[in-house]
Amino acid sequence: MTEGEKERLIRLYAAGGITWHELRKRGFDDFVQVLGALGELGLRQPVAAMVEPNAAARERGRAIIREALLAQK
């Protein structure tokens, strides 16, 4: 895979156009490699969509944080 192809895939991943699973199929072996490439391009990791099962897990996480913050007051 050329550097141009890698950059295109990383940009597509950052935009939410493909998943980590797709990156692995296309030749990325290590997620650290993906994070490094995102950083080099000044991009961020995409945020998971708020659809099941992600939505439920994120809502539980938010509730735990909310409760911890309220307990500190």
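Everything numeric in this text was worked out from a predicted model, so none of it was measured.
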Over 12 foreign heavy atoms within 6.0 Å of CZ, Arg24: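 Atom CZ in Arg24 is not crowded, with 12 or fewer foreign heavy atoms closer than 6.0 Å.
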From CA spacing to verdict: salt bridge (charged side-chain N to carboxylate O under 4.0 Å, His left out), Glu22, Lys25: CA-CA 5 Å; Glu22 285 295 319; Lys25 283 184 184 177; 3.5 Å; yes
How many angstroms lie between [atom1] in [X] and [atom2] in [Y], if you round to the nearest 0.5 Å?
X: Ile18; Y: Leu9; atom1: CD1; atom2: CG; result: 5.0 Å
X: Leu12; Y: Arg8; atom1: CG; atom2: CZ; result: 6.5 Å
X: Gln33; Y: Lys6; atom1: CD; atom2: NZ; result: 5.5 Å
X: Leu41; Y: Glu7; atom1: CG; atom2: CD; result: 5.0 Å

Common cluster, Leu38/Met1, ILVMFWY with side-chain heavy-atom separation under 4.5 Å: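 Per the 4.5 Å side-chain linkage, Leu38 and Met1 are co-clustered.
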Pair Gln45-Trp20, side-chain contact (heavy atoms from CB on, under 4.5 Å): steps then yes or no: CA-CA 10 Å; Gln45 186 176 354; Trp20 161 236; over 6 Å; no
Where Pro46 and Ala14 come nearest, the two heavy atoms and their spacing: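 Shortest heavy-atom contact: CB-O, 3.8 Å.
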